[in-house]
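Data block below; observations after.
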Amino acid sequence: QRCDPDPEVFSGEETMTRVFVSCADINLDYVTPIYFENSSRSIVRVGDFRFSSNMMNPPGLVQAYSVSVGDVNCHISSCQQSYSEENSQLCRSSLAMKQEVHNRKSPTASVFGTLPEAILREMGFVNVLSL
């Protein structure tokens, strides 16, 4: 069964356009508002996200999509650190940060950087989901 194309949309030319979105190393950071009774913070880390589809002109009866997600981790914490303290744990932070902020760096942070999970563990986060 073929649907008749809308003459205002269809120019007479049949086309197919491949649309795709790829993202890597995504971090979604959520902090509860200050007016909440219990403060908390959650971070969702996504290693790879891909979305693709074929856009047809004239449009068909069915549209297909492909979504792929890999290496997903969810971390939660009941304590909140300031962003200055968090940034002091980054690799080469002494080059970019003011000296007084850098002096508050925790002694367990690595000078050369560590895996993100290890840094989150040092900041008091607990891994609750890994896919």
Side-chain angles (χ1 to χ4, degrees):
Q1 205 177 26
R2 179 172 165 84
C3 65
D4 293 327
D6 186 0
E8 294 178 11
V9 176
F10 184 58
S11 64
E13 228 180 283
E14 292 185 8
T15 60
M16 180 187 80
T17 305
R18 181 155 174 85
V19 178
F20 60 93
V21 176
S22 294
C23 300
D25 295 329
I26 304 165
N27 288 309
L28 303 173
D29 189 349
Y30 173 77
V31 178
T32 56
I34 56 173
Y35 56 82
F36 277 24
E37 187 175 330
N38 296 321
S39 64
S40 66
R41 184 172 176 193
S42 59
I43 295 178
V44 176
R45 298 189 68 243
V46 179
D48 185 39
F49 173 82
R50 295 178 186 194
F51 168 83
S52 65
S53 177
N54 293 331
M55 305 299 289
M56 307 296 286
N57 190 20
L61 294 174
V62 178
Q63 180 68 46
Y65 301 95
S66 172
V67 177
S68 170
V69 179
D71 192 22
V72 179
N73 293 300
C74 181
H75 304 272
I76 60 171
S77 176
S78 61
C79 58
Q80 294 181 6
Q81 291 183 336
S82 71
Y83 287 114
S84 295
E85 292 174 16
E86 183 176 329
N87 291 341
S88 71
Q89 297 185 5
L90 295 173
C91 179
R92 307 284 188 213
S93 63
S94 61
L95 299 175
M97 299 180 67
K98 293 180 180 178
Q99 189 62 31
E100 63 270 8
V101 174
H102 186 70
N103 285 338
R104 287 186 267 162
K105 186 175 180 178
S106 68
T108 59
S110 172
V111 174
F112 300 105
T114 61
L115 294 172
E117 287 78 15
I119 292 174
L120 290 172
R121 215 175 8 260
E122 290 175 4
M123 293 171 52
F125 281 87
V126 176
N127 187 3
V128 294
L129 175 70
S130 290
L131 299 174

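Computed over heavy atoms, backbone and side chain alike; hydrogens, waters and symmetry mates excluded. Quick caveat, the model's predicted, so the values are computed rather than measured.
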Test log, rule side chain to side chain contact (heavy atoms under 4.5 Å, CB included), inputs Asp29 and Val31: CA-CA 7 Å; Asp29 189 349; Val31 178; 4.0 Å; yes
Contact check, side chains of Met123 and Ser77, non-hydrogen atoms, under 4.5 Å: no
Step-by-step side chain to side chain contact (heavy atoms under 4.5 Å, CB included) determination, Phe51 to Phe20: CA-CA 5 Å; Phe51 168 83; Phe20 60 93; over 6 Å; no
Any donor-acceptor N/O pair, Asn127 side chain to Leu129 backbone, under 3.5 Å: yes
ILVMFWY network linking Tyr65 to Val19, side-chain heavy atoms under 4.5 angstrom: no
Closest approach of Ser130 to Asn73 (non-hydrogen atoms, all atoms of both residues): OG-OD1, 2.8 Å
Flag, side chain of Gln63 to backbone of Ser53, donor-acceptor distance under 3.5 Å: no
Pair Met55-Met16, side chain to side chain contact (heavy atoms under 4.5 Å, CB included): steps then yes or no: CA-CA 6 Å; Met55 305 299 289; Met16 180 187 80; over 6 Å; no
Hydrophobic cluster identity match, Val69 and Val44, side-chain contacts under 4.5 Å: yes
Within 6.0 angstrom of Ile34 CD1, more than 12 heavy atoms from elsewhere: no
Separation between CZ of Phe125 and OG of Ser78, rounded to the nearest 0.5 Å: 9.5 Å
Reported CZ-to-OG distance for the pair Arg18 and Ser52, which is rounded to 0.5 angstrom: 4.5 Å
Nearest-0.5 Å distance that lies between atom CG in Asn54 and atom OG1 in Thr17: 9.0 Å
Ser42 (side chain) donor-acceptor with Ile76 (main chain) under 3.5 angstrom: no
Tyr30 and Ile43, any side-chain heavy atoms less than 4.5 Å apart: no
Qualifying residue for side-chain contact (heavy atoms from CB on, under 4.5 Å) with Arg45, from Ile26, Asp71, Leu120: Leu120
Separation between CG of Asp48 and SG of Cys23, rounded to the nearest 0.5 Å: 9.0 Å
